[in-house]
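This report refers to the structure that appears directly beneath it.
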Amino acid sequence: MTSAPPPATALSHDRSGSSGPIERRQRGALRLAALLAAGIGALAWLGRSSDPAAKPLTSGPLTLGAAIAFTGNANLYGQDQRMGLTLAERWAQEAGPPARPVVLQLEDGASDEPSAIAAFNLLIRQGVIALIGPTLSQQAFAADPIAQRQGVPVVAPSNTAKGIPEIGHFISRVSAQSSVIAPLSIAEALRRDPAIRRVAVFYAQDDAYSTAEVAIFQKALAARGLTPVTVQRTQLADNDFQTPITSALQLQPQLVVLSVQAVAGGNLIRQLRELGYRGQIVVGNGLNTPNIYPICQRWCDGILIAQAYSPELNTPVNRRFQQLFRQAHGDRPPPQITAQAFAAYQVLFEAIQRLQRQGGLTDVSLGQARANLMAELLSGTYDTPLGPIGFSPEGEVLQDRFYVAEVRMAPGGRDGRFALVREQGLQEGQP
Amino acid sequence: MIDNGLLVQMLIGALLGLSVYLPLAAGQLSLATPAFYAVGGTLAALLSTRWSALGATADGGFPVPSLLLEMALGGLLAGLLALLVGRLVLRLQGIYLAIATIALVEIVRVAILNLPFTGGAVGIFAIPQPFATAAGYLLPALALLAVAGWLCQRLERMPLGRAMAAIRDDELAARCMGIDTTRVKLSAFVLSAVLAGSTGALAAHFLNTWNARQGSFDASITTLAFVILGGSRTWLGPVVGGLLLTALPELLRPVGDVRLVLFGLVILLGPVLAPQGLITPALLERLGGWGLRSATDRKTEEAQP
């Protein structure tokens with residue numbers, strides 16, 4: 001073990017000329033710094049953007065890159081998305097030999113911004129034709145501008161924040177924003193009990209999704225002349241909600257509206273019921289996963305949620321999707337986020353096939369092929385498990401069917417399902 | 001495999017590592033770096049998106065001089081904050097100082113989350129870009145690192161740096177020798193904040209978006225890990241630690257889902273195998289002695305001061 005000499009000895013060494021340990025250490029530091037600088041210079045030279053966009057498109061299969069969260073706190077959603085993408089790949093293979101084969105490359109986009117940027121950069125440099133991802137809207141604000149600058153089409157499977165397609169014309173999404181969906185469940189609750197006057201709202205104030213969605217819930221309530229009797233703020237990582245629940249219940253709410261992530265939401269519902277709340281509960285998109293059943297168990301029963309996907313939609317593609325899902329993951333209905341990831345792959349796959357048949361992928365550079373694909377993607381309509389969808393010229397999804405579901409738990413309270421209670425048609429292109 | 005975007009992230013890691021190193025060189029375990037990083041980043045994000053005098057164009061462009069101005073302002077604001085806070089928290093030592101600086105990180109995070117003009121949890125997005133590609137960010141990041149490195153190298157010879165080393169080795173003895181320990185510790189703290197603030201301003205543009213999650217307790221631990229792995233006794237330690245630990249998760253991508261397990265192993269094994277960090281003063285002395293004289297000569301010389 002060598003530690004720095006105390007300053008007094010250092011001084012005496014110093015005066016003895018260029019041979020003292022301080023001198024030697026400084027010279028060593030300079031040498032190492034020069035070495036590092038040379039190394040960084042070499043890395044910068046080697047890693048300079050050898051942009052594959054200028055190269056001609058090869059005739060082999062095209063690569064779709066997906067950067068979704070396998071690690072970090074969004075991995076609960078990422079795992080569901082991985083299922084959807086793999087199922088979509090199988091679905092595409094089963095449809096017979098395609099006009100243009102497509103391979104999927106999955107990368108971990110983690111749950112933070114720098115990782116999403118790194119995953120996007122990596123996939124773009126590998127010459128993918130289009131990108132799927134990232135999982136979180138906050139990551140999209142960081143990574144999507146990079147794809148936009150390099151002209152790579154992006155289809156977001158789960159970004160619901162406002163302003164995602166507005167990042168640029170190469171950015172689109174198949175996930176309807178919460179402003180479209182969220183008010184439907186409030187409407188259903190009020191239809192069931194028009195006498196509701198006292199509403200309590202809970203949301204996680206440090207979560208982008210929650211703060212955006214709760215604003216929409218509040219607007220929907222205001223549009224019906226309801227002002228919440230209390231708005232309780234929680235934190236993303238909270239799991240004990242006794243205090244906010246107690247103070248909310250003192251105001252005797254007739255309806256509780258929650259906008260929190262899955263795990264926190266499951267606990268919040270359970271604690272609400274345990275502390276004696278008997279009224280209706282409306283929840284947001286964060287609880288749109290069967291993963292909440294084991295958390296709130298029988299207390300989940302009866303909660304209302306608006307969804308962009310219903311397993312009960314009876315169309316050929318949705319039946320096929322369900323069949324594939326049940327084959328791979330057992331007898332349970334697929335979650336919305338899996339269906340949306342499936343749809344993201346499907347729209348890109350179908351657009352590529354159409355473009356191939358039109359000749360838009362022959363004798364072009366990769367950059368041109370990407371631009372052609374984006375134009376083709378936006379111009380088409382798609383029959384997906386979500387129902388028929390299309391895109392606005394900005395890349396916003398146009399979906400005209402939404403659903404309100406009620407959670408019905410099985411008698412044991414261990415498992416349940418989202419039972420469809422209302423299907424709602426919307427005007428296309430409504431913001 | 002390392003593209004320019006990742007290289008910029010590595011340089012930002014190295015800069016944050018240096019920012020943790022500076023107070024540590026004066027014996028102060030401060031975890032406040034992410035707070036100053038967040039202050040600099042938020043300032044740059046706000047200025048570039050709200051203040052049109054800086055010259056952000058409609059298509060998302062941004063003049064480079066304005067970026068440099070933001071980096072200077074970010075450093076200045078962070079330095080002022082450090083000056084105010086440092087007077088209070090630097091009365092504490094060791095683990096108590098660490099806790100107080102964690103509290104500072106948390107206060108800044110919650111403030112950014114709740115201020116009416118910082119965009120709440122979504123944060124500020126569509127930050128204009130001074131460079132068309134990630135390669136453009138290399139130059140300002142390298143320049144900032146070079147300045148910071150030069151300063152740290154100079155510190156070893158300057159009275160301030162020597163006073164810092166004296167306080168690190170024994171604060172009581174240093175005070176007995178007439179060193180104004182409060183002033184020296186505060187100087188190191190402010191320097192660290194200025195560096196983190198400037199880095200934050202650069203990072204805000206590089207990341208395209210800025211939110212309260214950038215300066216979290218997690219970031220405190222990550223930046224501390226840079227210093228632990230790289231070594232806390234020379235300024236090159238945190239630089240090497242920051243470069244390596246930022247690059248490693250990306251370089252491990254080929255191994256698939258277990259990459260973070262391997263990354264964790266490296267963090268675990270690093271301090272076990274190299275308790276002083278990768279870059280130790282002894283290593284630098286060996287490196288500096290190469291080619292000058294044989295090892296035996298050096299030993300005899302050291303034996304007779």
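Every chain is numbered from 1, with letters handed out A, B, ... down the list of sequences.
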Roughly how far, to the nearest 0.5 Å, is the CG atom of A:Asp108 from the CG atom of B:Asp257? 7.5 Å
Flag side-chain contact, heavy atom, 4.5 Å: A:Ile117 against B:Leu207: yes
Which atoms of B:Ile12 approach chain A - backbone, side chain, both or neither, heavy atom under 4.5 Å: neither
Closer than 3.5 angstrom, by distance alone: can the side chain of B:Gln153 be matched with the main-chain N or O of A:Ala29 as a donor-acceptor pair? no
Are the side chains of A:Leu122 and B:Arg253 in contact, using a 4.5 Å heavy-atom criterion? yes
Under 4.5 Å heavy-atom distance to chain A, tell me which part of B:Trp235 shows up: side chain, backbone, both or neither. side chain
Please examine the side chains of B:Leu138 and A:Ile40, heavy atoms only from C-beta on, and report whether any two atoms are closer than 4.5 Å. no
Check: B:Arg213 and A:Glu113 side chains under 4.5 Å, non-hydrogen atoms: yes
Drop me the distance from B:Phe206's CZ to A:Ile146's CD1, to the nearest 0.5 angstrom. 6.0 Å
Picking from B:Leu283, B:Leu260, B:Leu243, B:Asn114, which has the most non-hydrogen pairs under 4.5 angstrom with chain A? B:Asn114
For A:Ala116, is it the side chain, the backbone, both or neither that has a heavy atom under 4.5 Å from a heavy atom of chain B? neither
Could you grab the distance from atom CZ of B:Arg162 to atom CD1 of A:Ile22, nearest 0.5 Å is fine? 5.0 Å
Using the test side-chain contact (heavy atoms from CB on, under 4.5 Å), find all partners of A:Thr211 that sit at least two apart in sequence or belong to another chain. A:Tyr203, B:Ala121
State, yes or no, whether a side-chain contact exists between B:Gln9 and A:Asn121 at a heavy-atom distance under 4.5 Å. no
Could you look at A:Phe141 and say if it's the side chain, the backbone, both or neither that has a heavy atom under 4.5 Å from chain B? both
Using every non-hydrogen atom in the two residues, find where B:Leu287 and A:Arg31 come nearest and quote the distance to one decimal. O-NH1, 2.7 Å
Region of A:Leu236 in contact with chain B, defined by heavy-atom distances below 4.5 Å: neither
B:Val239 portion near chain A, given a 4.5 angstrom heavy-atom threshold: side chain
Where does A:Gln126 contact chain B at under 4.5 Å (heavy atoms): side chain, backbone, both or neither? neither
What residues, two or more places apart in sequence or in another chain, satisfy side-chain contact (heavy atoms from CB on, under 4.5 Å) together with A:Ser115? A:Ala110, A:Asp112
Name the region of A:Ile124, side chain, backbone, both or neither, that has any atom closer than 4.5 Å to a heavy atom of chain B. neither
Are there more than 12 heavy atoms of other residues, nucleotides or ligands under 6.0 Å from atom CD1 of B:Ile221? yes
By a 4.5 Å heavy-atom criterion (distance strictly below it), what part of B:Leu142 contacts chain A: side chain, backbone, both, or neither? side chain
How close do B:Gly289 and A:Arg24 get, counting heavy atoms only, and between which atoms? CA-CD, 3.7 Å
Measure distances from A:Asp207 to the heavy atoms of chain B and classify the residue's part below 4.5 Å as side chain, backbone, both or neither. backbone
Check each atom of A:Ile167 against the heavy atoms of chain B and say whether the ones under 4.5 Å are side chain, backbone, both or neither. neither
A:Arg149 side chain near B:Asn208 side chain, heavy-atom distance below 4.5 Å: yes
Proximity breakdown for A:Glu107 and chain B, heavy-atom pairs closer than 4.5 Å: both
Could you check whether any side-chain N or O of A:Arg25 sits under 3.5 Å from a backbone N or O of B:Arg286, counting only pairs where one atom can act as donor and the other as acceptor? no
What part of B:Ala146 gets closer than 4.5 Å to chain A, counting heavy atoms only: side chain, backbone, both or neither? neither
Segment of B:Asn211 engaging chain A (4.5 angstrom heavy-atom cut-off): side chain
